[in-house]
K.L.:
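Structure incoming, see below.
Residue numbers start from 1 in every chain, and the chains themselves are labelled A, B, ... in the order their sequence lines are given, proteins ahead of strands. Every value quoted in this text rests on a predicted model; they were computed, and no experiment measured them.
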2 protein chains.
Amino acid sequence: MARAKINDDQLLEKLTKVFQVYGYEGASLSLISEATGLQRASLYHRFPGGKEQMVEDVLSHVDQRFETYLLAPLKTEKSLGARVREMGKRINEFYVGGRRSCLLDTLSLGKQSGAFRKHIKASFTTWLGALEALAKEAGFGAIEARERSEQALISIEGTLVMARATGNRKPFKRAIDSLPGLLIGA
Amino acid sequence: MARAKINDDQLLEKLTKVFQVYGYEGASLSLISEATGLQRASLYHRFPGGKEQMVEDVLSHVDQRFETYLLAPLKTEKSLGARVREMGKRINEFYVGGRRSCLLDTLSLGKQSGAFRKHIKASFTTWLGALEALAKEAGFGAIEARERSEQALISIEGTLVMARATGNRKPFKRAIDSLPGLLIGA
DNA sequence: GTCTATAGCTTGATAGAC
DNA sequence: GTCTATCAAGCTATAGAC
């Protein structure tokens, strides 16, 4: 039992980055090996289920990061505005100012995507639900709260695609800045 | 010189679909061969530059389709509203009601994406320019016209990602229906 | 212009030593 | 837990017959 070169959290974060940049089929084991500093066989020791398990574990890890970090500010005692602004700051951090793509985008592409669809859909729904609850707390009715939270997610996904395709990250920044207005009307 | 099994236009449309669904790395030659009905060697006869040339040609073909079909209604003599609505109808058609992804999304992922970035960026800019011109014609100032056309593209890209990731195509339909309000304020 | 056959490399995955 | 060595299968691409 030699000592681990990299702990689980660090490993999953390296993997997250690789899947954000290359997607599922583009993320070859060679690439993953290079990014993590672990040889193929070591990767299979950590993830006996291979690439598919890597993706599942990455998705779960990101779910957890969202729950305990990105969306956590929403459950504090601060003002609605302060909560949304803090969440925006963390979302911006997570996507490195628009330089990284959303996993729900990059992993929903291609042949293998069916295997993760359930998880991806669930993650999306959870994220949506958190924003929706916030909009309701701000006084919006059920239908409007729903539409506004969807609008928020759509603008984030759309601007991330635009940032990747064109290199223009300003719309992403603007989308983040628009979150308070969109979600709590302020 | 045996007769062609499939003409250039039909071939490029089959390829478009494959790259929309699988992205660059996911679109293997076996998959392409199956989708087009042509064997590997025949594909290399039609595209001597291999997969990279296929993508370049697909992007150019889609540029042309946008110019001569999707965006063509904007240059007619009809009312602004009628023009935008007709364009929306054709955009919806092109993306098969949200069942297909945008190539600017699927091809900007992965290792190879650098090779197409220039083309992708140019296509994006052209599309944006057409919508911007329309918004200006509707009376919006330069800055607002720019923002509104960006917003239109972002909502389309974002809703297409959402449709792929969750299967929910309603936001895409709504984005199409919102184009008149967004671009000409009606 | 399409085909079969094949080359050479990369892929995801495994066996077994330390 | 990590490693080297190895495997079969898949990949992109090419040669040459019809």
K.L.:
Tell me whether the OP1 or OP2 atom of C:dC3 has a side-chain N or O from B:Ser42 closer than 4.0 Å.
P.N.:
yes
K.L.:
Using the rule given for side-chain contact (heavy atoms from CB on, under 4.5 Å), can you reason through A:Lys121 versus B:Asn168, listing the C-alpha separation, both sets of side-chain angles and the distance that settles it, and then say yes or no?
P.N.:
CA-CA 10 Å; A:Lys121 195 171 169 175; B:Asn168 180 8; over 6 Å; no
K.L.:
For a quick check, with a 4.0 angstrom heavy-atom cut-off, what is the B/S/- contact string for nucleotides 13-18 of chain D, read 5' to 3'?
P.N.:
BBB---
K.L.:
Strictly below 4.0 Å: does A:Ser30 bring a side-chain N or O up to OP1 or OP2 of C:dT11?
P.N.:
yes
K.L.:
Mind calculating the distance between CD (A:Gln10) and P (D:dG1) to the nearest angstrom?
P.N.:
15 Å
K.L.:
How many whole angstroms separate atom CE of B:Met54 from atom C1' of D:dC11?
P.N.:
13 Å
K.L.:
Step by step, work out the side-chain hydrogen bond (donor to acceptor under 3.5 Å, both in side chains) result for B:Ser113 and B:Arg117.
P.N.:
CA-CA 6 Å; B:Ser113 70; B:Arg117 189 151 308 163; 2.9 Å; yes
K.L.:
Would you say B:Leu15 and B:Tyr95 are hydrophobically clustered, going by side-chain heavy atoms of ILVMFWY under 4.5 Å?
P.N.:
yes
K.L.:
To the nearest Å, give me how far apart CD1 (A:Ile6) and P (D:dT2) are.
P.N.:
9 Å
K.L.:
Going by the ring-ring contact (aromatic ring centres under 6.0 Å, His included) test, which pairs reach into residues 45-76 of chain A, not counting sequence neighbours?
P.N.:
A:Phe66-A:Phe94, A:Phe66-A:Trp127
K.L.:
Go through C:dC3, D:dC11, D:dT2 for me and flag the one nearest to the A:Lys5 side chain.
P.N.:
D:dT2
K.L.:
Is a donor on one side and an acceptor on the other found under 3.5 Å between the side chain of B:Arg169 and the backbone of B:Ala163?
P.N.:
no
K.L.:
Note every stem involving DNA chain C: at least three consecutive Watson-Crick or G-U wobble pairs, i with j then i+1 with j-1, with both distances under 3.5 Å.
P.N.:
C:1-18 with D:1-18
K.L.:
Rounded to whole Å, how long is the line connecting atom CD of A:Glu34 with atom C1' of C:dT10?
P.N.:
14 Å
K.L.:
Look at the side-chain heavy atoms of Ile, Leu, Val, Met, Phe, Trp and Tyr, link any pair under 4.5 Å apart, and say whether B:Tyr22 and A:Leu107 land in one connected group.
P.N.:
no
K.L.:
State whether A:Glu13 and A:Lys17 are salt-bridged, where the test is any N-O pair (Lys NZ or Arg NE/NH1/NH2 against Asp/Glu carboxylate O) under 4.0 Å.
P.N.:
no
K.L.:
Between P on C:dT11 and NZ on A:Lys111, what's the gap in Å once rounded to a whole number?
P.N.:
15 Å
K.L.:
Between A:Arg164 and B:Glu157, is a salt bridge (charged side-chain N to carboxylate O under 4.0 Å, His left out) present by the stated rule, with each step listed?
P.N.:
CA-CA 12 Å; A:Arg164 191 178 68 221; B:Glu157 296 293 340; over 6 Å; no
K.L.:
Please give, in whole Å, the distance from C:dA15 C1' to A:Gln39 CD?
P.N.:
16 Å
K.L.:
Nearest-Å distance, OH (A:Tyr24) to C1' (C:dG12)?
P.N.:
9 Å
K.L.:
Give the rounded distance in Å between these two atoms: NE2 of B:His45 and P of C:dT4.
P.N.:
16 Å
K.L.:
Any side-chain to backbone donor/acceptor pair from A:Glu144 onto A:Gly141? Under 3.5 Å, distance only.
P.N.:
no
